[in-house]
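The structure appears below as C-alpha cells.
Note on naming: letters A, B, ... go to the chains in the order of the sequence lines (proteins, then strands), and numbering restarts at 1 for each one.
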Amino acid sequence: MKEQVRVRFAPSPTGHLHIGGARTALFNWLYARHHGGTFILRIEDTDRTRSTDAYIEAITQGMHWLNLDWDEGPFRQTDRFAVYRSYVERLLQEGKAYHCYCAVEELEQRRQLALAQGRPQKYDGRCRDLKEAVPGRVPVVRFRTPQQGETVVDDLIRGRVVFDNSQLDDLIILRSDNSPTYNFTVVVDDVDMRITHVIRGDDHLNNTPKQIHIYKALGYEIPKFAHLPMILGADKTRLSKRHGATSVMAYEEMGYLPEALTNYLVRLGWSHGDQEVFSREELIRFFSFENVGNAAAVFNPEKLLWLNQQYIIAAAPGRLAELVVPFLAKQQIITEGQALDMAWLARAVKTLQERAKTLGELASSLRYYIAEEITFQEKAQEKFLNEKSLPLLKDLKEALAACADFSHAGLEPVFKGVVEKHGVKLGAVAQPVRVAMTGGTESPGIYEVLEVLGKEKTLQRLEKAILSIG
RNA sequence: GUCCCCAUCGUCUAGCCCGGCCUAGGACAUCGCCCUUUCAAGGCGGUAACGCGGGUUCGAAUCCCGCUGGGGACGCCA
C-alpha cells in the first residue's frame, strides 16, 4: 500500500502571513490535495518573546482567505514543551547531548573573532566533554553533532546535496530558560505528526543536515525533503517590507481576489507548459515537484495585477457585487450599513468588471452609478458640454423622455434618430452624454450606462448638463 | 570569510533529466496597428534572452569543468 502523504505548514507567529509563507503553505496544500493526503498546520511559537496570539490569528485568517484549509491543527509548540524536554532528557542520558555553560556574550565574542579572522563561525565545542557543572551558570543543552563523514540530503527538488559534517556545529536544542529551539522541535514534531514530506523554503536547506542528525540520534526515519526556491523582490534580495506589500492581507485590502493571488504564487517557481491561468481543480490535478524550478523568482506585482483582472473579468457579477461593498464603504461611496439593491449592483458591476484590475478600482468606478449628484470634470465639461452639443442634448432628452424601453435595444434607435437628424457621428452625442452621466469621459458603452442608471436619473443628469451650458 | 543553492527576453517561465525537431516557444510589461461612442477588453504584429571561458560530440540552451554573477545559511530566530 502506498504511504499516506502527510505534510505541514509551520509558520512562526512573529508576523503576518506573508507572500513567501503563503506560497509555502500553498505548495504544501497542493501536494496534500494532489495525493489525497493530510495537510497540517503547526504554529512554531517556541520563541516566546516574539510570538503573539494576534499573529496566530492573522496567519489563520490569511489562510482562510486564500482558501487553504488544513486537516489537523493548528498545533502549538508551546503546548508541547513537556514532550520536547523528555526527548532532550533522553539524548542527554544517551550522551548524544550535553550541557554547555558558555555565556551568550562569550559566544558572540568568539563569533566576531572568527568572522574577523575569516574562520568558519561555529561553536568550538569547548563544553563537549565537560565533566562538572560550572557554578553560577545556567546551562543550555547542545546536540552532539557528528564531526566526521558527510550527510546527504536527497531533495525532491534540488536532487542530492552533500554536506561535510565537519562544518556542522553542536547546535543548542534547549535554551537556558528551558525552552526548546527550532531545529529540535521541528524534528520531534515532524516525527510525532508522522510527516512524510517536509516542504519548505530554500533557506532551510542548510538546516536539513543538522536535523537529519537529530532524526538519526532519535532513531527515527527521515522524511522526504523538498526545498522551494525563494521569492525575491525587484532588487533580487529576499522579499521584505522594503518591497512594499508583503502581507497577504494587504492584498485583500487592495482588492485582489484570493484565487488570483494563489494562481500568481503557484506560477512563481512552478509551471505547466504554457498555461498561465488555472482553476483550483487544475492546480490540484497538475501539481508536482517535477515542474518546480530551482531558481529564485522575483515577485512581479504587474503580472499579479493582470491575473487579478483576468479573474475579475471571469467572476460572476453577483459575487463581485458582494465583494465590492466593503470597498464602496471604504471609499465613502456608500455609508456604513447603507442598503443596496444587490441585483442592481450586480448589473452595474457587469458593465464595469472588464475595466477594473482590483476591487478597489471597481468600487471607485461604481461611484457615478450610485451617487445622487455627480460633478463634472473640468476639462470634460469644457470639451463636451458646450454650445455645440447643446442642441444634441436637448433633442436627445426629449426623445429619451418619450422612450419606454430603457435597454440597450430600446436606447440605440433613440440615439440613432438624433444622430441622423443632426448629421453627426455617434461620438458627437455619446461623449457629451457620457460626461453628463458620469462627469468624465471614460465609461462603459453609453447604452449600458443609461440602462443601469435608469430613465429618471438619466433625464435628471441630462437636464443638469443642459442647464450647466446655458 | 566558510558552507550550500542557483544561472534562458526587464520579469515569470517552456525547452535541459533522455544532446539534433530551437533561425529558442508562451505570459506580464513595453511599442505599433486593427476593432471602436470613450475607456477597457479583444485581435494582429514588433523590440527583447540561452552570463563568460574551456572541454565532450558530427552536432550543446541542453552533458562535464572552471570562472563570473546572484541568492541563502552560518543565532539561547524560525
remark   = Reading nucleotides 60-67 of chain B from 5' to 3' and marking B where a protein heavy atom lies under 4.0 Å of the base, S where only the sugar-phosphate is that close, and - otherwise, the string is --------
query = With the sugar-phosphate defined as primed atoms, P, OP1 and OP2, and the base as all remaining atoms, what B/S/- string results for nucleotides 4-19 of chain B, 5' to 3', for protein heavy atoms under 4.0 Å?
reply = SSSS---BBSS-----
Per-nucleotide protein contact string for nucleotides 31-41 of chain B (B base, S sugar-phosphate only, - none; heavy atom under 4.0 Å) = ------BBBBS
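Under 3.5 Å, the side chains of Thr24(A) and Arg200(A) contain no donor-acceptor pair of N or O atoms. Between the side chains of Asn291(A) and Ser271(A), not a single donor N or O lies within less than 3.5 Å of an accepting N or O. In summary, the side chains of Thr46(A) and Arg76(A) do not present any donor paired with an acceptor at a separation below 3.5 Å, with no hydrogens or angles considered.
Residues satisfying the salt bridge (Lys or Arg N to Asp or Glu O under 4.0 Å) criterion with Arg142(A), sequence neighbours excluded, are absent altogether. Judged as a ring pair (Phe, Tyr, Trp, His ring centres under 6.0 Å), and not counting sequence neighbours, His213(A) has no contacts. Considering only residues two or more places apart in sequence or on other chains, Trp306(A) meets the ring pair (Phe, Tyr, Trp, His ring centres under 6.0 Å) condition with none of them. Qualifying salt bridge (Lys or Arg N to Asp or Glu O under 4.0 Å) partners for Arg285(A), counting only residues two or more places apart in sequence or in other chains: none. Ala22(A) is linked by a side-chain contact (heavy atoms from CB on, under 4.5 Å) to Leu17(A), Leu66(A), Val248(A), Leu265(A), counting only residues two or more places apart in sequence or in another chain.
Backbone-only contact: Thr237(A) has heavy atoms under 4.0 Å from sugar-phosphate atoms and none from a base. In this structure, His204(A) reaches the bases: a heavy-atom distance under 4.0 Å links it to at least one base atom across the strands shown. Counting any heavy atom pair closer than 4.0 Å across all strands shown, Thr49(A) reaches no nucleic acid atom.
Pairing for C3(B) is with G72(B), a Watson-Crick or G-U wobble pair whose two hydrogen-bonding atom distances lie under 3.5 Å. Within the shown strands, nothing qualifies as a pairing partner of C39(B) under the Watson-Crick or G-U definition with both distances less than 3.5 Å. Applying the Watson-Crick and G-U wobble criteria (two distances, each under 3.5 Å), G32(B) pairs with C44(B).
Rounded to whole angstrom, the span from the CD atom of Gln112(A) across to the P atom of G75(B) amounts to 10 Å.
Sorted by first and then second residue, the ring pair (Phe, Tyr, Trp, His ring centres under 6.0 Å) pairs with a member in residues 133-182 of chain A read Tyr182(A)-His204(A); sequence neighbours excluded. Applying the ring pair (Phe, Tyr, Trp, His ring centres under 6.0 Å) definition to pairs two or more places apart or across chains, those involving residues 408-444 of chain A are His408(A)-Tyr447(A), Phe415(A)-Tyr447(A). Residue pairs meeting the ring pair (Phe, Tyr, Trp, His ring centres under 6.0 Å) criterion with at least one partner in residues 423-442 of chain A, sequence neighbours excluded, are absent.
For Arg238(A), whose side chain is taken as the heavy atoms from C-beta onward, the closest listed nucleotide among A73(B), A78(B), C76(B) is A73(B).
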If you restrict it to nitrogen or oxygen atoms, what contacts under 3.5 Å exist between nucleotides 43-49 of chain B and the protein, and what is each distance?
none

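Positionally, the nearest nucleotide of RNA chain B for Pro120(A) lies more toward the 5' end than for the other of Pro120(A) and Cys100(A).
Put simply, the side chain of Asp45(A) and the base of A78(B) share no donor and acceptor less than 3.5 Å apart.
A gap of 9 Å separates the P atoms of C63(B) and C16(B), to the nearest Å.
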